[in-house]
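Below is one structure, written out as structure tokens; the observations come after it.
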Amino acid sequence: MNTVSPLPRTTADLAATVRELLGDRPQRELAELLGLDASAVSRALAGKRALGLGEIVDIADYLGVEPSHLLFKDEAIFALRAGEGTALSHEAERRCLQIINDVLAFRTVAK
Amino acid sequence: MSGAAQQAQAARARLGLALDGPVPDLLRAVEDGGELAVSVIELPDGISGAYARREGQGFAFLSLREAPVRQRFTLAHELGHHEFKDGGVIDASADVFGSPTTVRERRANAFAAEFLVPLAAVQRWAQAHADPDVSLVTVVAFASWFRVSALVAAYRLSAARLMSTKTVRGFEQAIQDGEHVHLARRQQLVDLPDELSMIHDTGRPRMPRRLWADAVIGYERGLLTPERIAQAVGRDTVEVEAELDALGVHPRADEPDY
């Protein structure tokens with residue numbers, strides 16, 4: 001798992017992620033699960049109504065994912081510049097990420 | 001003066017470096033100042049370095065394969081990314097040492113040039129050398145003094161108007177042909193040692209100093225094993241155990257369980 005400083009999702013981004021994971025499953029199931037009426041769920045999935053933390057946990061359980069997957073988005077550690085082809089090799093990128101994680105983990109341990 | 005040059009001067013002041021001379025030990029200065037956690041590791045050919053920032057901590061990665069003069073400039077370049085709060089970036093050698101195509105890379109290079117060789121320091125050097133000859137010998141001596149490559153030296157002498165652009169263009173081919181190396185040997189100009197040159201001599205990867213310091217504390221608290229530390233620092237467990245033992249560091253028994 002990537003443990004380094006994940007970015008929180010916006011309401012719109014969270015809604016889009018839930019919609020994607022929901023797929024063909026009927027929204028009414030979600031409405032029943034959350035104890036909401038259909039229009040509230042519809043607005044939430046359109047990104048027009050913010051979801052509470054408890055609702056996000058329930059939705060994650062329903063969708064079979066970790067709540068953190070809905071709350072945070074993975075950020076690429078290195079921005080790849082278009083057209084310049086300077087992506088680190090997979091092994092080097094993995095090593096850089098490992099070093100970053102170790103530095104932050106050991107810093108926490110030493111506090 | 002460009003914004004990048006001003007930012008470089010401010011960074012030098014913050015790190016306790018005067019503007020009128022070379023940086024004695026760039027890696028030491030950068031890590032002591034807490035600016036960056038620096039690793040020197042194997043990177044693919046064509047990549048000189050990388051920069052990332054996580055949880056407020058900046059990380060610089062340098063290619064173990066490159067010579068210390070190039071590593072110094074790359075490290076100053078990564079410090080530039082950190083200063084300007086750039087996002088994570090992979091730095092191709094062509095961007096650091098060639099002709100960068102983006103504003104961000106040009107800005108980082110301008111920062112690096114002024115950070116390593118401030119124009120005020122160039123003027124001071126010129127005064128001390130009483131109108132130095134406009135020659136490749138001068139470029140080589142200047143490069144050795146400031147611990148930078150001959151090309152960077154030539155460009156900074158040009159920026160300080162001590163050499164014309166046309167003259168520098170003439171030197172570029174000679175430098176590419178390695179003539180400056182021969183001249184340095186003739187003058188017995190040696191690369192003064194610093195932490196990066198010592199790492200280069202070992203040929204072994206180097207993890208951020210902070211990692212080891214925190215590992216020692218974690219081990220002392222009984223929260224990290226020698227195996228875990230060895231994995232993080234890329235060394236043998238036996239070697240790590242021996243070093244911890246030599247430091248007189250042992251896990252404390254009274255540390256509560258977490």
Side-chain angles (χ1 to χ4, degrees), chain A residues 1-17 20 47 53 56-57 60 65-111, chain B residues 37-39 41-61 63-64 81 86-96 100-102 104-105 205-224 228-229 231-234 258:
Chain A
M1 185 176 68
N2 182 353
T3 59
V4 290
S5 184
L7 293 176
R9 292 189 190 279
T10 62
T11 300
D13 190 22
L14 170 59
T17 304
E20 184 183 335
L53 189 58
I56 292 172
V57 171
V65 298
E66 290 292 326
S68 61
H69 182 75
L70 300 181
L71 286 165
F72 303 108
K73 56 185 173 185
D74 294 329
E75 184 193 17
I77 184 171
F78 297 110
L80 305 182
R81 286 163 295 153
E84 295 181 25
T86 55
L88 284 171
S89 70
H90 178 71
E91 173 61 21
E93 185 163 354
R94 188 198 61 76
R95 185 70 185 123
C96 289
L97 184 57
Q98 185 63 53
I99 291 169
I100 290 171
N101 286 338
D102 285 342
V103 167
L104 296 177
F106 283 23
R107 182 173 76 179
T108 301
V109 162
K111 267 182 186 168
Chain B
V38 182
S39 306
I41 58 173
E42 287 284 353
L43 293 176
D45 284 339
I47 293 175
S48 291
Y51 168 74
R53 182 195 294 263
R54 283 294 181 281
E55 297 186 17
Q57 174 67 58
F59 294 86
F61 302 91
S63 171
L64 181 63
H81 284 312
D86 292 338
V89 62
I90 299 160
D91 282 314
S93 304
D95 272 339
V96 183
T101 52
T102 65
R104 182 171 63 177
E105 295 307 314
R206 185 262 194 194
M207 297 299 118
R209 181 160 19 112
R210 172 78 186 262
L211 184 66
W212 174 257
D214 287 343
V216 171
I217 295 172
Y219 176 70
E220 198 166 35
R221 291 178 174 173
L223 299 173
L224 293 173
R228 177 69 182 90
I229 296 170
Q231 179 197 28
V233 298
Y258 291 98

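Below, all heavy atoms of this structure are taken into account, side chains as well, without hydrogens, waters or symmetry copies.
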message = For the residue pair B/Gln57 / B/Arg54, report whether a side-chain donor-acceptor contact shorter than 3.5 Å exists.
response =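 No.
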ask   = Do B/Ser93 and B/Ser48 have side-chain N/O donor and acceptor atoms under 3.5 Å apart?
value =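 Their side chains do contain a donor-acceptor pair, which is all the 3.5 Å distance test asks for.
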message = Would you say that B/Ile41 contacts B/Met207 through its side chain, given a criterion of any heavy-atom pair below 4.5 Å between the two side chains?
response =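 Yes, close enough: below the 4.5 Å cut-off.
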ask   = Between B/Ala94, B/Ala37, B/Ala232, B/Gly218, which has the largest tally of heavy atom pairs under 4.5 Å with chain A?
value =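 Sorted descending by pairs with chain A, the first entry is B/Ala232.
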ask   = Does a salt bridge link B/Arg53 with B/Asp86, judged by any charged N lying under 4.0 Å from a carboxylate O?
value =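 No, no charged N to carboxylate O under 4.0 Å.
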task = Against chain A, label B/Leu224 side chain, backbone, both or neither, depending on which of its atoms sit under 4.5 Å from a heavy atom there.
result =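 Answer is side chain: those atoms of B/Leu224 sit under 4.5 Å from chain A.
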key: A/Arg95 portion near chain B, given a 4.5 angstrom heavy-atom threshold   =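 For A/Arg95, the contact with chain B is made by the side chain alone.
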